[in-house]
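Everything numeric here is computed off the predicted structure, so don't read it as measured data. Atoms within each ligand, like the ligands themselves, are counted from 1 in listed order.
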Amino acid sequence: MAKRLLVIGSANIDFVLTIGTIPAAGVTLISDGTYSYVPGGKGANAAITAARLGGEVVFCTRIGDDAYGDRLARIYAENGIDRRFVKIDPMEQTGLAVVMVEKDGMNRIIVYPGANKNIGESDIEASFLTYPDIVLTNLEISPLSVEYLSRLAERNNLPLILDCGGVTPNFVLKNIRKTEILSPNENEAEFLTGIRPDSLDNCLKACIKLCNTANIKYVVLKLGSRGSYIYDGKYCDICGPYEVAAVDTTAAGDAFTAALALEYSRNGGDIHAACRFGNAAGALTVTKRGALNSLPTEEEVKKFMAEHTQI
Ligand code: RIB
């Protein structure tokens, strides 16, 4: 039976600009790259990934009453997402992300949150009435809303997967009630702990610090081309990466966490198998440009895993 995933998170329109190198302050750079406006947002990317991977997805977000909002809502419907909780905010514009993609596929992102910052308690409470099996969120929405939804998840005995994408100084980890899986990337782990997970020793130190701060069952560090690192409060393990040629890393972390969450709920909580599935989904995402365009389907991930071995 398909698992129902409730994703509470951001919806953005991404202005994507490909560039050779980032200009220094005061420099005007004439780019020989391309630009486009494409759907994005960490919440939306995760929701679409989970739907493409066979999940039954309920998406709770806010968009503006504008052309970008209309376009995003249409795309969620086309991807089979339950969008009863995609609310049109009359006061704010649709969130916008300026995504600069460099030659090596690395990106730098600036987000104008717009309507995302108004995702509030009433939106969240209503979306919980859909009887989800698992809840996934990220930090591109208000930290108070994330605290609130963590209380609801605990009260309803639902596993909460917290992707640390978008973390800001206003986020207080110890205020999160109970997290089944906390998943930061390297920058986010360093931001939250002061420890850069650039060696196995530092991965462990960062994970221990996170688990000492809040009630977390698993920490899964997203290490990009180094794979993922699992810590369960006692033991640690590396889940090896799949080797691919990266053209654009945008949304790879969102795809990883969505695949991890869905597979974890489908396989009865096998964190290792869920990480393998997440690594494969993330690897496929970096092989294509853009956010939404690059998110893989279940068939693509299964075929890829059958044809490739982890390093
Ligand atoms: O993780 C990638 C996403 O971050 C982009 O789609 C952008 O909208 C920002 O939210």
Nearest-option assignment for atom 1 (O) of ligand 1, heavy atoms, candidates T257, V16, D254: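 Shortest heavy-atom distance from atom 1 (O) of ligand 1: D254.
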
Sub-4.5 Å side-chain heavy-atom contact between Y231 and Y218: no

CZ (R71) with more than 12 external heavy atoms under 6.0 Å: yes

Polar atom proximity, T250 to ligand 1 (N or O, under 3.5 Å):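 Among all N and O atoms of T250, none is under 3.5 Å from an N or O of ligand 1.
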
Polar atom proximity, I109 to ligand 1 (N or O, under 3.5 Å):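 No; the residue has no nitrogen or oxygen that sits under 3.5 Å from a nitrogen or oxygen of the ligand.
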
Ligand 1 contact by G165, heavy-atom criterion under 4.0 angstrom: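 Contact check G165 vs ligand 1: negative.
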
S10 near ligand 1 by a heavy-atom separation under 4.0 Å: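 It does not, in that no heavy atom of S10 comes within the 4.0 Å cut-off of ligand 1.
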
F15 and Y37 aromatic ring geometry - parallel, tilted or perpendicular at 30°/60° bounds: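 Because their plane-to-plane angle lies in the 30° to 60° range, the rings of Y37 and F15 count as tilted.
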
Exam field: side chain T285 to backbone A251, donor-acceptor pair closer than 3.5 Å: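 Here the side-chain-to-backbone pair does not exist.
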
Shortest non-hydrogen separation from I13 to P39 and the atoms involved: CD1-N, 4.2 Å

Which protein heavy atom lies closest to [atom], and at what distance to 0.1 Å?
atom                    : value
atom 4 (O) of ligand 1  : K42 NZ, 3.1 Å
atom 3 (C) of ligand 1  : N45 ND2, 3.7 Å
atom 6 (O) of ligand 1  : D14 OD2, 2.5 Å
atom 10 (O) of ligand 1 : E140 OE2, 2.5 Å

Side-chain ion pair, R4 and D82, N-O less than 4.0 Å: no

